[in-house]
**Q** 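Encoded as structure tokens, here's the structure I'll be asking about.
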Amino acid sequence: TASQEAEKRGWHLYLVGGAVRDLLLADATSGTLMIKDIDLVVDGFHKSADVGAGVELAKALQQLYPAARLEIHGAFQTAALLWHKDPELDSLWVDIATARTEFYPYPAANPEVEASSIRQDLYRRDFSINALALRLTTPRAGELLDFFGGLLDLQAKKIRVLHPNSFIEDPTRIYRGVRFAVRFGFQIEPQTEEFIRYAINSGVYDRTAQENSKTPALQTRLKTELKHILEAPYWKSALQLLDNLGALQCIHPTLNLDAELLRQLRLLERCLRRFDAEQTLIHWEMRLEALIAHLAPQYRAKVAKNLQLQEDTIKRLQNLASAQTEVMESLPKCQSPSQVVQLLRQYDLPMLILIALQSPRSLRHQIWEYLTVLANVQPLLNGNDLKKLGYTPGPQYRQILDHVVAATLDGVIKDRAEAEGFLA
Ligand code: ATP
């Protein structure tokens, strides 16, 4: 239907980006394919196919498919149609953009214009394997447009950038390249690797890591890429490759994936399995916090702020050093389980995990003991019991029950009867 609507208006319509890549990959491996994001580009023969063509097409489609939600965004006037098939299932996104012809004012109605504008649109993309287009409109529907050798690179399993300045223009492409390489088991082609190293050596990370106020969009993209990487099953290999390329410097110039950080990341996975089986924490964010926590204390909050992490994450990373000192000094001095609880309950689970990652084994085990056993000890009595015992209801109930918990923790009382006796 989309191509019919485009044809009616004399436009060409192309499927571009990841969907074409994944279609060809699935074909090569005879694997199954589940496409959730469809990127379409409209390209016109005439000047009338102006920057609004994508939006016009999306509106026309929405009329035909009222179940789809229409979203129009951005300075480039791209539109998206969103189908929520079923709340339980994934949804389908169809992005419709207009080929970016506006910078290339060729004469209208020239067949080369059409080819040039889709070519230009593809040329501003990241890698050859992502710069393929499949024509959906007649004539020559089904034709693959491959201006940059993307098909050969797919077959040779190569990540190849389209032009030497690509990583200088947008350093987050380094992260994207690594992500695709690890995800598909591809190699970063040698010259592309050189361009990456050149971009990093020329200080591209200064832009990402330091000038946050001037480049918020870049930081947002970096965070998005970090999220994609850190929530994927291949996150560790991706971090290794980023580190080999020196690209962790985009997060902070001093960040290295050294043996100590690797040990902490392994430990973190064990913690998440053990203490967060119900996934109340956001695991990719915890991995990112562990990376940032590995930096010297004075850099942590700034990096978290630059990446626009949540306020409580920024605060946690800001307070980590002092919390760590407090725990290191006070935990060995605790003489009873109730004192351990009193000390550690001021910190939330993510903070305790971060502290534990950087603590010596004996302290770490005390924190584990707190998280698995001590923190779960409940008062043997409740408010009703206190009332029956003659206590006037009020805020002091909390304190009394805390008292009961402390006595339970320290083995002074073992059951309700003993608790009542204790209070009496
Ligand atoms: P995935 O399957 O991971 O979503 P994708 O290729 O669809 O992969 P998107 O991030 O959805 O990735 O991007 C869609 C397309 O937009 C890419 O295939 C690429 O052509 C282009 N693109 C995205 N980000 C960039 C970028 N930073 N620089 C250049 N082109 C980009």
**Q** Evaluate side chain to side chain contact (heavy atoms under 4.5 Å, CB included) for Leu241 paired with Ile188, printing each intermediate quantity in order.
**A** CA-CA 10 Å; Leu241 184 50; Ile188 295 182; 4.2 Å; yes
**Q** Run the side chain to side chain contact (heavy atoms under 4.5 Å, CB included) test against Asp243 and tell me which residues pass, sequence neighbours left out.
**A**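 Side chain to side chain contact (heavy atoms under 4.5 Å, CB included) list for Asp243, sorted by chain: Leu248, Asn256, Leu257.
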**Q** Nearest 0.5 angstrom please: Glu71 CD to Asp95 CG, how far?
**A**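 Nearest 0.5 Å value for the CD-CG distance: 9.0 Å.
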**Q** Does Arg221 pair with Glu225 as a salt bridge, N-O distance under 4.0 Å?
**A**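 Not counted as a salt bridge, because no side-chain N and carboxylate O are separated by less than 4.0 Å.
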**Q** So does Arg9 pair up with Glu5, basic N to acidic O under 4.0 Å?
**A**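 The answer is yes: the pair qualifies as a salt bridge.
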**Q** Could you report the tightest heavy-atom contact between Leu245 and Glu193, atom names first, then the distance?
**A**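 What the structure gives for the nearest pair is CD2-CG, 3.7 Å.
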**Q** Counting only N and O atoms by type, is there a donor-acceptor contact under 3.5 Å from the side chain of Asp146 to the main-chain atoms of Leu151?
**A**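 Indeed, once roles are kept as given, a pair shorter than 3.5 Å links the two residues.
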**Q** Can you list the residues that meet the side chain to side chain contact (heavy atoms under 4.5 Å, CB included) rule with Lys59, with sequence neighbours excluded?
**A**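 Here the qualifying residues are Val55, Leu70, Ile72.
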**Q** Considering only NZ, NE, NH1 and NH2 on the basic side and carboxylate oxygens on the acidic side, decide whether Glu194 and Arg197 come within less than 4.0 Å.
**A**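 No salt bridge links Glu194 with Arg197.
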**Q** Within the 3.5 Å criterion, strictly below it, is a donor on Thr313 or Glu285 matched to an acceptor on the partner's side chain?
**A**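 No - no donor-acceptor pair under 3.5 Å links their side chains.
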**Q** Could you tell me whether Tyr123 and Phe148 have their ring centroids closer than 6.0 angstrom?
**A**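 Centroid separation for Tyr123 and Phe148: below 6.0 Å.
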**Q** I'd like to know if the side chain of Asp276 and the backbone of Leu281 have a donor-acceptor N/O pair within less than 3.5 Å.
**A**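 Here the side-chain-to-backbone pair exists.
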**Q** Should Gln324 and Ser359 be marked as a side chain to side chain contact (heavy atoms under 4.5 Å, CB included) after you check the CA-CA gap, both sets of side-chain angles, and the distance that decides it?
**A** CA-CA 8 Å; Gln324 178 94 39; Ser359 296; 3.3 Å; yes
**Q** Does the side chain of Leu268 come within less than 4.5 Å of Glu289's, by heavy atoms?
**A**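 Side-chain contact under 4.5 Å: no.
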**Q** Using modelled atom types and a 3.5 Å cut-off, is there a donor and acceptor pairing between side-chain atoms of Asp258 and backbone atoms of Leu261?
**A**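 Side chain of Asp258 to backbone of Leu261: a pair is present.
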**Q** Enumerate donor-acceptor pairs with a distance under 3.5 Å from any side-chain N or O in residues 348-358 to protein atoms, sequence neighbours excluded.
**A**
residue	atom	partner	partner atom	Å
Asp348	OD1	Met351	N	3.0
Asp348	OD2	Arg316	NH1	3.0
Gln358	NE2	Ala293	O	2.9

**Q** Do Glu169 and His163 come within less than 4.5 Å of each other through their side chains, counting heavy atoms only?
**A**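 In contact.
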**Q** In Å, rounded to the nearest 0.5 Å, how long is the span from NE2 of His228 to CZ of Arg183?
**A**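 Output value for this atom pair is 9.0 Å.
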**Q** Would you say NZ of Lys157 has more than 12 non-hydrogen atoms from neighbouring residues, nucleotides or ligands within 6.0 angstrom?
**A**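 No.
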**Q** Please confirm whether the backbone N or O of Glu326 pairs with a side-chain atom of Ser330, one donor and one acceptor, at under 3.5 Å?
**A**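 Yes, Ser330 side chain to Glu326 backbone: donor-acceptor pair under 3.5 Å.
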**Q** If only atom types and distance count, is the side chain of Arg135 paired as donor or acceptor with the main-chain N or O of Gly142 below 3.5 Å?
**A**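 Side chain of Arg135 to backbone of Gly142: no pair is present.
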**Q** Would you check if Pro360 and Met328 make a side-chain contact, meaning some heavy-atom pair closer than 4.5 Å?
**A**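 The answer is yes, as the side chains (C-beta and beyond) meet within the 4.5 Å cut-off.
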**Q** Assess whether salt bridge (charged side-chain N to carboxylate O under 4.0 Å, His left out) is satisfied between Arg124 and Asp170, documenting all intermediate values.
**A** CA-CA 11 Å; Arg124 70 182 173 80; Asp170 179 359; over 6 Å; no
**Q** Could you tell me whether Arg160 and Glu189 have a side-chain N and a carboxylate O separated by less than 4.0 Å?
**A**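 A salt bridge links Arg160 with Glu189.
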**Q** Gln62 vs Leu81, test: side chain to side chain contact (heavy atoms under 4.5 Å, CB included). Steps then yes/no.
**A** CA-CA 7 Å; Gln62 209 252 341; Leu81 287 167; 3.8 Å; yes
**Q** Please report the closest heavy-atom contact between Ser3 and Leu13, naming both atoms and the distance.
**A**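 For Ser3 and Leu13, the tightest heavy-atom pair comes out as N-CD2, 3.7 Å.
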**Q** State, with a plain yes or no, whether a side-chain heavy atom of Ile292 is found less than 4.5 Å away from one of Leu309.
**A**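 Side-chain contact under 4.5 Å: yes.
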**Q** For Thr1 and Tyr65, test the side chains for any donor-to-acceptor distance below 3.5 angstrom and give the result as yes or no.
**A**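 Their side chains do contain a donor-acceptor pair, which is all the 3.5 Å distance test asks for.
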**Q** Give a yes or no on whether the backbone of Arg266 and the side-chain of Glu269 come within a donor-acceptor separation of less than 3.5 Å.
**A**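 Here the side-chain-to-backbone pair does not exist.
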**Q** Provide the closest heavy-atom pair for Val16 versus Ala133 in the form atom of the first, atom of the second, distance.
**A**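 It is CG1-CB, 3.7 Å.
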**Q** Indicate yes or no for a side-chain donor-acceptor contact from Gln310 to the backbone of Asp312 under 3.5 Å, with no hydrogens or angles considered.
**A**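 Answer holds: no.
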**Q** Are the side chains of Gln308 and Thr220 in contact, using a 4.5 Å heavy-atom criterion?
**A**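 In short, these two side chains touch, coming nearer than 4.5 Å.
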**Q** Within a radius of less than 6.0 Å around NE2 of His283, do more than 12 heavy atoms belonging to other residues, nucleotides or ligands occur?
**A**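 Check passes, neighbour count above 12.
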**Q** For the residue pair His12 and Leu136, establish whether any side-chain heavy-atom pair is separated by less than 4.5 Å.
**A**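 Side-chain contact under 4.5 Å: no.
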**Q** Going from CG on Leu24 to CD on Gln155, what distance comes out if it is rounded to the nearest 0.5 angstrom?
**A**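 Spacing of CG (Leu24) from CD (Gln155) equals 8.5 Å.
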**Q** Which pair of non-hydrogen atoms, one from Ile174 and one from Ala247, has the smallest distance, and what is that distance?
**A**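 The pair with the smallest heavy-atom distance is CG2-CB, 3.6 Å.
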**Q** Can you see whether Asn306 engages His252 through a side-chain donor-acceptor pair at a distance of less than 3.5 angstrom?
**A**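 No, His252 and Asn306 have no side-chain donor paired with an acceptor closer than 3.5 Å.
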**Q** Any donor-acceptor pair under 3.5 Å linking the side chain of Gln318 with the backbone of Ile314?
**A**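 No; judged by distance alone, with no hydrogens or angles, the pair does not exist.
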**Q** Pick from Arg173, Arg21, Arg176: which one makes a salt bridge (charged side-chain N to carboxylate O under 4.0 Å, His left out) with Asp126?
**A**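 Of the listed residues Arg173, Arg21, Arg176, the salt bridge (charged side-chain N to carboxylate O under 4.0 Å, His left out) partner of Asp126 is Arg176.
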**Q** Please find the pair of heavy atoms, one from Thr78 and one from Ala97, that lie closest to each other, and give the distance.
**A**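 Looks like CG2-CB, 3.7 Å.
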**Q** Determine, stepwise, if the pair Asp39 / Leu15 fulfils side chain to side chain contact (heavy atoms under 4.5 Å, CB included).
**A** CA-CA 6 Å; Asp39 287 313; Leu15 178 68; 5.8 Å; no
**Q** Output all residues satisfying salt bridge (charged side-chain N to carboxylate O under 4.0 Å, His left out) with Arg300, sequence neighbours left out; order by chain, then residue number.
**A**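 Partners of Arg300 by the salt bridge (charged side-chain N to carboxylate O under 4.0 Å, His left out) criterion come out as none, since no residue qualifies.
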**Q** Return the OG to CG distance between Ser338 and Leu343, rounded to the nearest 0.5 Å.
**A**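 Separation between the atoms: 11.5 Å.
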**Q** Once rounded to the nearest 0.5 Å, what's the spacing between atom CG of Leu239 and atom OH of Tyr175?
**A**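 It comes to 8.5 Å.
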**Q** With sequence neighbours left out, which residue pairs that include part of residues 332-359 fulfil the ring-ring contact (aromatic ring centres under 6.0 Å, His included) condition?
**A**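 Of all non-adjacent pairs touching residues 332-359, none passes ring-ring contact (aromatic ring centres under 6.0 Å, His included).
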**Q** Nearest 0.5 Å, what's the SG-CG distance between Cys250 and Leu242?
**A**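 If I round to the nearest 0.5 Å, the distance is 8.5 Å.
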**Q** Minimum heavy-atom separation for Ala79 to Ala58, with atom names?
**A**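 Looks like CB-CB, 3.5 Å.
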**Q** With heavy-atom distances below 4.5 Å as the criterion, would you say the side chains of Phe167 and Thr192 are in contact?
**A**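 Yes, close enough: below the 4.5 Å cut-off.
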**Q** If you look only at distance, which donor and acceptor atoms sit under 3.5 Å apart when one is on a side chain in residues 367-376 and the other is two or more places apart or in another chain?
**A**
residue	atom	partner	partner atom	Å
Thr372	OG1	Trp368	O	2.7
Asn376	ND2	Thr372	O	2.8

**Q** Do Trp83 and Arg69 have side chains that approach each other closer than 4.5 Å (heavy atoms only, starting at C-beta)?
**A**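 Sidechains of Arg69 and Trp83: no contact.
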**Q** Take the angle between the ring planes of Phe180 and Phe127 and call it parallel below 30°, perpendicular above 60°, tilted in between.
**A**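 Ring orientation of Phe180 relative to Phe127: perpendicular.
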